[in-house]
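Here the structure is laid out as structure tokens; the discussion comes afterwards.
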There are 2 protein chains.
Amino acid sequence: MVSPRPTILDVARTAGVSSATVSRVINGAASVDKELSRRVRAAVRSTGYVPNAMGRSLRRGGTSQIAVVAPDAANPYFTQIISEVERIARGDHQSVTIAHTEDDLEIERECFAQLVGRHVSGVLLVPVHSTLTDLSPLTEAGIPVVLVDRWIEGANTDLVATDNLDAGRQAARHLHERGYRRPAVIGGPSQLRTTEDRVSGYLAAWREAGIELDETVVLRGDLQLESGAALMAQILAEGDADCVYVTNNRMSAGAFEAMRGRDDAPALLATDDDLWTRLVTPSVSVVHQPVRATSRAAARMLGQRIANPDEEPSTTLLRSKIIERESTQRGRRPRTDGSWTPRDAGHASS
Amino acid sequence: MVSPRPTILDVARTAGVSSATVSRVINGAASVDKELSRRVRAAVRSTGYVPNAMGRSLRRGGTSQIAVVAPDAANPYFTQIISEVERIARGDHQSVTIAHTEDDLEIERECFAQLVGRHVSGVLLVPVHSTLTDLSPLTEAGIPVVLVDRWIEGANTDLVATDNLDAGRQAARHLHERGYRRPAVIGGPSQLRTTEDRVSGYLAAWREAGIELDETVVLRGDLQLESGAALMAQILAEGDADCVYVTNNRMSAGAFEAMRGRDDAPALLATDDDLWTRLVTPSVSVVHQPVRATSRAAARMLGQRIANPDEEPSTTLLRSKIIERESTQRGRRPRTDGSWTPRDAGHASS
DNA sequence: CGTTGATCAGGAAACGTTTACCGGCACGAT
DNA sequence: ATCGTGCCGGTAAACGTTTCCTGATCAACG
């Protein structure tokens with residue numbers, strides 16, 4: 001049905017030269033006679049030849065593929081990393097492959113083996129677990145790894161992440177400065193270092209500000225929207241807190257939803273500058289994670305680590321920043337000016 | 001620095017057998033003596049052998065990689081397709097590579113050539129352009145292609161998309177049933193078939209309902225948020241329309257933003273069930289595109305097309321559905337119950 | 001006991017490319 | 001005129017795997 005694809009030999013025959021010359025013309029390495037070069041290029045066009053990447057990689061001893069491995073496609077870093085790393089990869093004639101580990105160590109392990117077998121030139125990794133993820137298959141195979149967002153115990157590879165401890169401190173300071181004094185916080189699973197650091201920083205900053213805290217101010221969810229809603233409902237029911245910091249984006253949305261229509265709601269400080277936070281009423285103040293900058297830094301770092309494998313691994317921490325909106329302002333009544341009403345259709349004339 | 005990776009020959013030597021036997025054990029095809037098989041497996045473990053995918057693909061004459069090609073990572077289909085196709089790919093021991101065309105025909109062309117060279121086993125494609133995208137490099141190389149979301153003129157490949165004409169009609173009917181009579185619509189660039197079909201369906205349904213329309217009811221934006229905001233501002237300034245249908249998600253958010261704080265705003269019917277539409281006040285009725293179902297159908301279809309390349313291409317159209325919220329309800333006053341106020345911090349005791 | 005058939009392991013070729021090596025040719029210098 | 005040098009093109013090997021084909025061993029059957 002489909003004619004067999006032309007190989008370099010077909011091109012060579014058509015141009016009346018050897019395969020070596022064709023290769024030289026294609027890769028532009030050595031100098032080739034003008035006339036021959038012209039004939040070769042013509043033959044490439046006329047045969048529709050496209051170099052076989054498998055043969056090439058086999059001979060060259062390495063692919064030019066960069067792998068991006070993340071727990072899931074919903075991870076906010078994922079698409080950002082993808083577009084950043086693609087930009088860099090395209091310039092370097094590399095391609096990008098991806099894999100999702102679905103937060104499963106076994107899948108992650110298997111995935112590493114595949115990447116080793118495929119001789120990828122580098123890996124951007126958001127690991128599943130801080131202690132149980134085992135990088136050694138990759139590192140022993142000499143594959144450069146850059147960790148993104150999550151740290152791995154004892155790994156000496158590059159790391160690019162946000163300074164979550166600092167993010168938590170900034171959150172606490174922001175709320176304290178605005179006069180709030182009875183904080184609560186919705187954290188993630190205690191093994192997850194990112195959210196845990198945010199919680200720690202938050203608590204530390206409140207204590208430094210002279211506020212006594214008992215352990216009941218920390219509630220832990222599973223990062224999903226529903227869990228944020230449930231925990232916020234609990235906070236509302238207890239009625240103790242006057243401000244709540246939510247440490248991830250999905251739970252932030254849930255928390256906001258649980259507060260709708262409540263007059264006695266505490267101030268809300270959410271995480272991630274997602275679209276909804278500026279569209280809702282009242283608009284929601286957020287701790288903005290520098291995802292774009294992080295992704296870009298990670299992609300760059302991998303690029304230079306591939307070019308230069310034997311340098312010392314480095315750690316880059318990027319700072320979050322607070323975007324202040326209405327939800328943490330004192331005494332604001334956004335409901336009187338922040339919403340609109342669909343015009344009554346009855347007024348319409350046809 | 002890094003020890004060379006073991007090859008199948010190292011394993012063979014260690015186990016005292018030939019490379020052929022090792023290959024047979026690994027691939028589990030032919031039957032091998034129990035004892036030898038045991039020795040081979042032991043040797044694989046002790047050497048840390050991982051098969052070289054390049055050698056394998058070269059010999060087998062094909063990789064097991066599925067490519068996903070989309071204009072940009074922000075495309076709502078992108079992450080959905082990724083996770084669906086990955087699920088299928090993993091079961092089939094395939095991996096997934098991606099490429100973004102950045103809405104650039106030249107990049108898309110180059111990308112196709114790469115995929116041909118890499119002998120990918122199939123491509124899921126959201127094409128850049130309905131008429132200018134040229135699939136022939138892929139099809140001539142015998143690579144199965146499934147188009148997602150966007151149609152290509154004259155291509156006889158599989159297509160999975162949403163029925164946009166129907167989506168537009170549903171939008172019009174929804175608004176008409178609720179008593180609105182002076183419609184407007186914010187469309188995309190007229191070459192973009194998806195939004196254009198929605199606009200056409202919308203206009204057709206209004207006309208069928210006996211409403212006279214002139215051409216001024218259609219405004220065209222560039223799909224970005226800012227453009228939606230600008231066009232909605234224009235509609236508000238003219239004050240003619242009593243309801244507005246916005247044909248893509250980004251412009252929908254912009255349109256909503258432009259309506260905030262306006263008492264005389266028309267009803268809003270947006271596109272895509274994004275998170276913000278249910279969190280804002282008033283919540284926004286939407287035409288929900290079945291992205292998940294579409295992605296899943298596309299991934300399945302590619303799977304079976306790879307398994308079975310010579311069947312007739314098919315077209316699958318999935319229906320949208322309307323999710324009714326507050327923004328298209330008559331006479332609703334959501335501002336009185338849809339928003340909340342951060343508690344005044346002054347009330348707090350330390 | 002001999003022959004046939006089945007089963008299974010090994011040798012070697014093949015996939016398509018790059019590149020080390022070699023040889024030939026042209027040109028310049030002595 | 002002859003030799004040396006340098007440039008450039010071709011030949012062939014090599015990358016690591018799979019698989020065809022062959023040969024050997026063994027069992028069963030005539």
Side-chain angles (χ1 to χ4, degrees), chain A residues 3-41 43-44 47-64 93 113-114 116-121 141-142, chain B residues 3-41 43-44 47-64 93 113-114 116-121 141-142:
Chain A
S3 53
R5 308 201 195 163
T7 75
I8 201 173
L9 285 172
D10 298 314
V11 178
R13 266 190 294 274
T14 308
V17 298
S18 78
S19 66
T21 302
V22 177
S23 174
R24 283 189 270 254
V25 170
I26 289 173
N27 298 295
S31 61
V32 178
D33 183 81
K34 281 284 175 198
E35 163 62 11
L36 288 193
S37 172
R38 200 192 51 71
R39 289 220 311 263
V40 167
R41 268 192 286 270
V44 166
T47 54
Y49 170 71
V50 176
N52 181 317
M54 301 174 264
R56 172 176 287 181
S57 311
L58 180 58
R59 174 60 223 233
R60 295 220 252 230
T63 55
S64 33
H93 292 281
Q114 276 224 10
V116 170
R118 284 167 51 199
H119 288 235
V120 295
S121 51
Chain B
S3 53
R5 307 200 195 165
T7 75
I8 201 172
L9 286 172
D10 299 313
V11 178
R13 266 190 293 273
T14 309
V17 299
S18 77
S19 67
T21 302
V22 177
S23 175
R24 282 189 273 256
V25 170
I26 289 174
N27 297 296
S31 62
V32 178
D33 184 80
K34 281 284 176 197
E35 163 62 12
L36 287 194
S37 172
R38 201 191 50 73
R39 289 218 312 262
V40 167
R41 267 190 287 269
V44 166
T47 54
Y49 170 71
V50 176
N52 181 317
M54 300 173 265
R56 174 175 286 180
S57 313
L58 180 58
R59 176 59 225 234
R60 294 218 250 229
T63 55
S64 30
H93 293 283
Q114 276 225 10
V116 170
R118 285 166 51 199
H119 288 236
V120 296
S121 52

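Numbers restart at 1 for each chain; the letters A, B, ... are given by sequence-line order, proteins then strands.
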Let me know the distance between [atom1] of [X] and [atom2] of [N], rounded to the nearest Å.
| X | N | atom1 | atom2 | answer |
| --- | --- | --- | --- | --- |
| A:Leu36 | C:dG24 | CG | P | 18 Å |
| A:His119 | C:dT17 | NE2 | C1' | 16 Å |
| B:Met54 | D:dT18 | CE | C1' | 16 Å |
| B:Arg39 | C:dA9 | CZ | P | 10 Å |
| B:Arg5 | D:dT17 | CZ | P | 11 Å |
| A:Arg13 | C:dG16 | CZ | P | 11 Å |
| B:Leu9 | D:dT18 | CG | P | 12 Å |
| A:Asp10 | C:dG16 | CG | C1' | 11 Å |

Quick one: label A:Ser57 by what it contacts on the DNA or RNA (base, sugar-phosphate, nothing), any heavy atom closer than 4.0 Å. nothing
Under 4.0 Å between any heavy atoms, over every strand shown, what does B:Ser23 touch: base, sugar-phosphate, or nothing? Just pick one. base
When the nearest nucleotide of DNA chain C is assigned to B:Leu58 and to B:Val17 on a heavy-atom basis, which residue is associated with the more 5' position? B:Val17
Start at the 5' end of DNA chain C and walk down; is the nucleotide closest to B:Lys34 or to B:Gly55 reached first? B:Lys34
Pairwise distance [atom1]([X]) to [atom2]([Y]) - rounded to 0.5 angstrom:
| X | Y | atom1 | atom2 | result |
| --- | --- | --- | --- | --- |
| B:Ser31 | B:Arg24 | OG | CZ | 9.0 Å |
| B:Arg13 | B:Ser18 | CZ | OG | 12.0 Å |
| B:Arg5 | A:His119 | CZ | NE2 | 4.0 Å |

Side chain to side chain contact (heavy atoms under 4.5 Å, CB included) partner of A:Val17, the single match among A:Val22, A:Val25, A:Val32, A:Asp33: A:Val22
With respect to the side chain of [X], which nucleotide from [options] is positioned closest?
| X | options | result |
| --- | --- | --- |
| B:Asn52 | D:dG9, D:dT18, D:dG16 | D:dG16 |
| B:Thr21 | C:dT18, D:dT17, C:dA9 | C:dA9 |
| A:Ser19 | D:dG16, D:dG9, C:dT18 | C:dT18 |
| B:Arg24 | D:dT18, D:dC20, D:dC15 | D:dC20 |
| B:Ile8 | D:dC8, D:dT18, C:dG16 | D:dT18 |
| A:Arg59 | C:dT18, C:dG10, C:dA12 | C:dT18 |

Would you say A:Arg56 places a side-chain N or O within less than 4.0 Å of OP1 or OP2 belonging to C:dT18? yes
Presence of A:Ser18 side-chain N/O under 4.0 Å of D:dG9 phosphate oxygens OP1/OP2: no
Tell me, yes or no, whether the heavy-atom count around A:Arg41 atom CZ, taken from other residues, nucleotides or ligands under 6.0 Å, exceeds 12. no
